[in-house]
Amino acid sequence: MLWHQTALKGICTLIQDYVEKAINKILGTKEIAFNIPPKREFGDFSTAVCLSQAKVQKRAPLQIAEDLKTELEKVKLPYVSEISVTPPGYLNFKIDHPSYVKSIIDRVNKEGDKFGNTNVGRGRKVLIEHTNVNPNKAMHIGHLRNAIIGDSVVRMMRKLGYHVEACNYIDDTGAQVADVVVAMLYMDAPVYDGKSTDLSAMWAKYDGSQPFDYWCWDVYSRIAQAYDSDAALKAKRAEVLHAVEAQDSAVAGFAKEVATRIVHAHLATVARLNVYYDLLNWESDIFLRGFWRTAFEKLKAAGAIVFEIEGPNKGCWVVRFGRGVFKTDEGLKSEDKVLVRSNGTVTYTGKDIAYQMWKFGVLGVDFLYKLWEVQANGDYLWTTSPSGEDANSFGNADRVINVIDVRQSYTQHIVYDCLKKLGFKKEAKNSIHLDYEVVVLSNSAAAELGVAVDAEESGNQAMSGRKGVGVKGDDLLNTLVKRLSEKVNKEENANHLAAAAIRYFMSRFSTGKIIVFDFDEALRTTGDTGVYCEYAHARACSILTKAVKTGVSSLKAQKTGVQMPENITIPEENLIKKIAELSNVLKRAGQELSPAPLAHYAFELATVFTDFYETPDPDAEKQVPFIKIEDPILRNYRLALVNTFRQTIANCLDSIGIVPLERI
RNA sequence: GCACCUGUAGCUCAGUGGAUUAGAGCAUCUGACUUCGGAUCAGAGGGUCGGGGGUUCGAGUCCCUCCAGGUGCGCCA
């Protein structure tokens, strides 16, 4: 998962870069870790490099530290005002605060919405595929987690300088879509005659009283249950699946139309969360363009797959994997992976190998493309299409990140391993499965949805499309919008705020943690939430606006020619140090491929700002509001800090897809 | 059986080998608005970092082992 080799550094990046270089020169060490001393008197940051050097040099760490201090004092280190040594051998640095603070303010103002960005990814293309929801029902909150993680990674990688292509894979020829088609054609009267090309009577079953994806949600769970008691209906399933794969009948056209309508619904749902894509990749186009045939020939030529003439996989093309064939109590079992079934059809994994090759541009076959729509953010969304045209701009990635839940780890591993077997070692290495844990329902959430909960069982319930158990994404958004709309100045802001709350909620958790969804926790608007972060941003905007309106400041004064006061207070210092962290947090989030560090940072930044706002002068008996400060230098400096904070948290929120609101 | 993930306060979670005293939020309790936005802030109580070994100057963090929970290991997708 970790694939930047950038060194992690501590708080005061700018300065530490210089200090690190200076120490490297003196000691000849490679990487130096900085940290924050427990006591403010020790300094602003420190390093324990002398402790680890003690062994190498076979000298007392305290002595090394003293010598290093003497050497460093000969070098002019920018912003460093004092170096000290504390037992057992820490080297502490104090910063010249006024000049440091000014440099950060100037830098944020100069870089604006680019502040925090780096170009570590320059010249490299990353294809990130996420969402990938079966187009046969409404999205639930588990799907939302995928889209939110995926879109956040897209955003942060762009800020790290990568050329990013965001793809959403549409499995329109799979069993799930087929199930809904079977239901619409055969479950309720009128029943399809199996031949007619006019299917309008089937479409008429959907009465439009609720959104189409909601309607399909119920239809899908009904057919899943109906299969158990109706063998005739279940027989239709194989028939429809076959027709859909063949792509040449009225039924196939019907399925494509169902999938298309659902895709529109899904895109509308995620757009509410500020999630957008560059390309929709349709599974039907993978079949139509013959991706598998091409990959199959390459696999055979490379000797990566074998045709079994005996054993449990007799008649199949398989890739040798794991322990191969082995004996168990139940007889012969195989860990080899079947790519072509004995009936000649290709498995999902087989098709996925071909698709993964396309992503790297090593398949030798391409899709046809056309414009799908212009998205709400103004960006073009393209789609693969049988009626499209050639394009050279898609795929051909240096790295591929597939956002898929952790349960698919085994299959993903096989796909990447097959790439290696084909000789695509570099591509295999650059294939990343961004695996995340699932979202389950707490017992109380399940009970609220009317699911029968066994109190004796474990404290949560898995969501299930087949059973119709789950919280729909749009329902969660709607509930939140309703709760928030009483206190916002316009309806649009309630939507943004709800999206912020949900994106923050989903981003707080490490990707490896199961989210046990609980309504109270997800709908909370106080404390550690996206609403708190939005509130801090809106408050900062409000202060700046008011300062301009009351004539005590101008937009220009808040940004340029800021003069420093003689002393920097502790809340001011804490704020500026936190602001300076953004680019490191972005790098770390990029390394971990997770929005979690950025979400936590946004909250910390908002907290530090609130502290600065509440108590800018800790020693004073009474706090004076910034806009009422008499001293023009101090007033303008404080307002400049507010503006610097506003820009920084806006950039941070943007990196996890939260729209910063100027007013709530 | 094999592989992977998780285990930190009553609950939900942070924690990048680094410092006396392991941090937030929620919940509970006590306080604070005539001011720039109270969706806020100040304070209190609450911990065998699952157990045990090891490496290290230093371990919640790395290694081993055990325990508990979860997920994979289809000619499903």
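Every heavy atom of this structure was used, including side-chain atoms; hydrogens, water molecules and symmetry mates were not. Note on naming: letters A, B, ... go to the chains in the order of the sequence lines (proteins, then strands), and numbering restarts at 1 for each one.
F603(A) does not qualify as a stacking partner of the A24(B) base, lacking a centre-to-centre distance under 5.5 Å together with planes within 30°.
For A42(B), the base has no donor-acceptor partner in the side chain of T615(A) [N/O atoms by modelled type, under 3.5 angstrom]. Donor-acceptor pairing under 3.5 Å, judged by distance alone, is absent between the side chain of S409(A) and the base of C4(B).
D179(A) has its CG atom 11 Å from the C1' atom of C76(B), to the nearest Å. Computed from coordinates, the D435(A) CG to U71(B) P distance equals 16 Å when rounded to whole Å. When the C1' atom of G15(B) is taken as reference, atom CD of E581(A) falls 13 Å away, rounded to whole Å. Taking atom CZ on F509(A) and atom P on A14(B), their separation rounds to 7 Å, with Å as the unit. Put simply, CD on E614(A) is 7 Å from P on G38(B), counting in whole angstrom units. Nucleotide A14(B) holds its P atom 13 Å from the CD atom of E604(A), rounded to whole Å. Atom CG of D528(A) is separated from atom C1' of A27(B) by 15 Å (rounded to the nearest Å). Distance D617(A) CG to C36(B) P: 17 Å, rounded to the nearest Å.
Within 4.0 Å of T86(A), counting heavy atoms only, lies at least one base atom of the nucleic acid. Among the protein residues, K549(A) comes within range of no part of the nucleic acid, since none of its heavy atoms lies under 4.0 Å from any strand. Residue L241(A) is out of contact with every strand shown, counting any heavy-atom pair closer than 4.0 Å. Residue R524(A) is in sugar-phosphate contact alone, with no base atom involved, counting any heavy-atom pair closer than 4.0 Å across all strands shown. At the heavy-atom level, V406(A) lies nowhere under 4.0 Å from the strands shown. Across all strands shown, T550(A) has no heavy atoms under 4.0 Å from either base or sugar-phosphate atoms. At a threshold of 4.0 angstrom between heavy atoms, the contacts of I664(A) include nucleobase atoms, whether or not backbone atoms are also involved. Across all strands, K337(A) comes closer than 4.0 Å to no nucleic acid atom at all (heavy-atom distances). As judged by a 4.0 angstrom heavy-atom cut-off over every strand, T610(A) is placed among residues touching the sugar-phosphate backbone only. Within the 4.0 angstrom heavy-atom criterion, no nucleotide atom of any strand lies near A596(A).
In this structure, the nucleotide among G38(B), G15(B), U6(B) sitting nearest to the side chain of K513(A) is U6(B). Among C36(B), C41(B), U8(B), the nucleotide with an atom closest to any side-chain atom of K546(A) is C36(B). Among C36(B), A14(B), G25(B), the nucleotide with an atom closest to any side-chain atom of I627(A) is C36(B).
Between the side chains of Q623(A) and T615(A), no donor-acceptor pair is found at a separation under 3.5 Å. Using modelled atom types, one finds a donor on one side chain and an acceptor on the other under 3.5 Å when comparing E572(A) with T569(A).
In this structure, A42(B) and U30(B) make a Watson-Crick or G-U wobble pair, each of the two defining distances being under 3.5 angstrom. The base-pairing partner of G18(B), taking Watson-Crick or G-U wobble contacts with both distances under 3.5 Å, is C57(B). Of all nucleotides present, only G70(B) satisfies the Watson-Crick or G-U wobble test against C4(B), with each distance under 3.5 Å.
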Would you check, one step at a time, whether the test ring-ring contact (aromatic ring centres under 6.0 Å, His included) holds for F612(A) with F626(A)?
CA-CA 11 Å; F612(A) 159 69; F626(A) 303 155; 4.9 Å; yes

Between Y355(A) and Y169(A), does the ring-ring contact (aromatic ring centres under 6.0 Å, His included) criterion hold? Intermediate values first, please.
CA-CA 10 Å; Y355(A) 182 37; Y169(A) 179 72; 5.1 Å; yes

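Between V338(A) and S46(A), it is S46(A) whose nearest contact on RNA chain B lies nearer the 5' terminus.
Under the 6.0 Å cut-off for aromatic ring centres, Y90(A) and F42(A) do not qualify, their centroids lying 6.0 Å or more apart.
Distance check, rounded to the nearest 0.5 Å: CD1 of I514(A) to CZ of R145(A) gives 9.0 Å.
The side chain of R508(A) contributes no N or O atom lying less than 4.0 Å from OP1 or OP2 of G15(B). Within the 4.0 Å cut-off from OP1 or OP2 of G38(B), not a single side-chain nitrogen or oxygen of Y532(A) is found.
A heavy-atom distance below 4.5 Å is not found between the side chains of E129(A) and V403(A).
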